[in-house]
Novice: 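One structure, pasted below without further comment.
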Amino acid sequence: MNLISDDLEKAELFNCYFSAQMHLGQHENDFPALPPISFLTVERLQDIVAVESDVLKYLCQSNPCKSCGPDGISNHILKYCAQSLYKPLTRLFNFSLRSGVYPSLWKVSNVCPVYKSKGDKNIMSNYRPIALLSSVSKILKKIIYKAIYEFCEFHDLLITENSDYADVIYDNCSSADSANIEHVQRRACIISTGAIRVTKHVTLLKEVGLELLKTSRKVHRLTYLYKIKNHLVPDYLRNFHPLFHHNTENYNLRRHANLIPIRSRTVAYYNSFLLATIRDWNSLSAELISATSLASFKRLLKKNLNLCSKKYIHEGMVMRKRFILDYA
């Protein structure tokens, strides 16, 4: 094993290693064609305007403990100089939005290798990349996000019923489809952590603080059945209330809190939302079933399934990378 001591050579090695984990096309023909676009409304979001009150709020919410990006402007400065900065930054944001020009420096990030807390520190595969973007650019991103979200909400483009229950109702997929979905999650974990392709799926999930999508869907199904049972769902689902044993029997049996199983003749119906969730519900402990609030039910359920509660999420598209290694 050759040990590298020169900082610049280390940066080049990490650059090659991290870049090899994902390949983006350099030309327009390298990207897949987009499907035909259909519009759900005739209204269009023509202009986005930054408001001084929003800029001031986001400046005051800056976390001074986080590192700064390539522009060298720290969150500490943004937070404690917010009263002096929010007006000129508002003008700068509006000029960028009107002209359609995004500052080049905001497209750059400092990518630093972070040790994964396991394995030999002299091996590159035991490091993952962390991209440090400009803190000012993140404020503009929040402004754009707010404008798009409010537009979609005002024109009823956010279908909460579909997004809220999609992975619950449509959990009854084939084994091949389920494996494909898990593969997509695995690829996302590899990209976000910078791990090599042969890394075990369980190791990747533990690294980013996630669980298998199948387990996640099980948690969601049980959670929504709890909400149905306690009438915490929209009106159109309140009648979707399966019978418990205590509704049909006059005796206080040990299984009085269990749901009555539903018979099925086909595998598809057997694995459908209601039947599968009833089986999972009846296997829960009495403490879980009798939880007094939704928050306590979720907490006890995750504890019962030994799920991770801490998740690491990193956002941002890196168009150009500058690697800076700071060694003491």
Novice: Working to the nearest 0.5 Å, report the span between CZ of R263 and OH of Y269.
Specialist: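 The CZ atom of R263 sits 12.5 Å away from the OH atom of Y269.
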Novice: Enter the distance from Q61:CD to I139:CD1 here, rounded to the nearest 0.5 Å.
Specialist: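 Atom-to-atom, Q61:CD and I139:CD1 are 9.5 Å apart.
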Novice: Give the minimum heavy-atom separation between C112 and L132, together with the two atoms involved.
Specialist: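 Scanning both residues, the minimum pair turns out to be SG-CD1, 4.1 Å.
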Novice: Kindly write out the residues that satisfy ring pair (Phe, Tyr, Trp, His ring centres under 6.0 Å) with Y86, not counting sequence neighbours, or none if the list is empty.
Specialist: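 Y86: no ring pair (Phe, Tyr, Trp, His ring centres under 6.0 Å) contacts found.
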Novice: So how far is it from K138 NZ to N75 CG, rounded to the nearest 0.5 Å?
Specialist: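 Here the rounded value is 7.0 Å.
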Novice: Could you label the plane-to-plane angle of the Y226 and W281 rings as parallel, tilted or perpendicular, counting under 30° as parallel and over 60° as perpendicular?
Specialist: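 Ring orientation of Y226 relative to W281: tilted.
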Novice: So, S19 and N15: side-chain donor and acceptor under 3.5 Å apart, yes or no?
Specialist: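 Yes, N15 and S19 have a side-chain donor paired with an acceptor closer than 3.5 Å.
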Novice: At what distance, to the nearest 0.5 angstrom, does NE2 of H220 lie from CG of L301?
Specialist: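 That separation rounds to 10.0 Å.
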Novice: Does Y270 have any ring pair (Phe, Tyr, Trp, His ring centres under 6.0 Å) partners at least two apart in sequence or in another chain, and if so, which?
Specialist: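 Partners of Y270 by the ring pair (Phe, Tyr, Trp, His ring centres under 6.0 Å) criterion come out as none, since no residue qualifies.
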Novice: Can you list everything that forms a ring pair (Phe, Tyr, Trp, His ring centres under 6.0 Å) with Y80? Sequence neighbours excluded, please.
Specialist: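 Y80 satisfies ring pair (Phe, Tyr, Trp, His ring centres under 6.0 Å) with H76 once adjacent residues are dropped.
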Novice: List in chain and number order the residues that pass side chain to side chain contact (heavy atoms under 4.5 Å, CB included) with D47, two or more places apart in sequence or in another chain; answer none if no residue qualifies.
Specialist: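 D47 satisfies side chain to side chain contact (heavy atoms under 4.5 Å, CB included) with no other residue.
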Novice: Closest approach of A276 and R221, non-hydrogen atoms and distance?
Specialist: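 Smallest heavy-atom distance, with atoms named: C-NH1, 3.7 Å.
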Novice: If the condition is ring pair (Phe, Tyr, Trp, His ring centres under 6.0 Å), which residues does F39 pass it with, not counting sequence neighbours?
Specialist: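 Ring pair (Phe, Tyr, Trp, His ring centres under 6.0 Å) list for F39, sorted by chain: empty.
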Novice: Name all residues meeting the side chain to side chain contact (heavy atoms under 4.5 Å, CB included) criterion together with L212; count only those two or more places apart in sequence or in a different chain, and write none if there are none.
Specialist: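 By the side chain to side chain contact (heavy atoms under 4.5 Å, CB included) rule, L212 matches E182, H201, L205, T215.
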Novice: So which atom in D71 and which in L105 form the shortest heavy-atom distance, rounded to 0.1 Å?
Specialist: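 Nearest heavy atoms, D71 then L105: CB-CD2, 3.5 Å.
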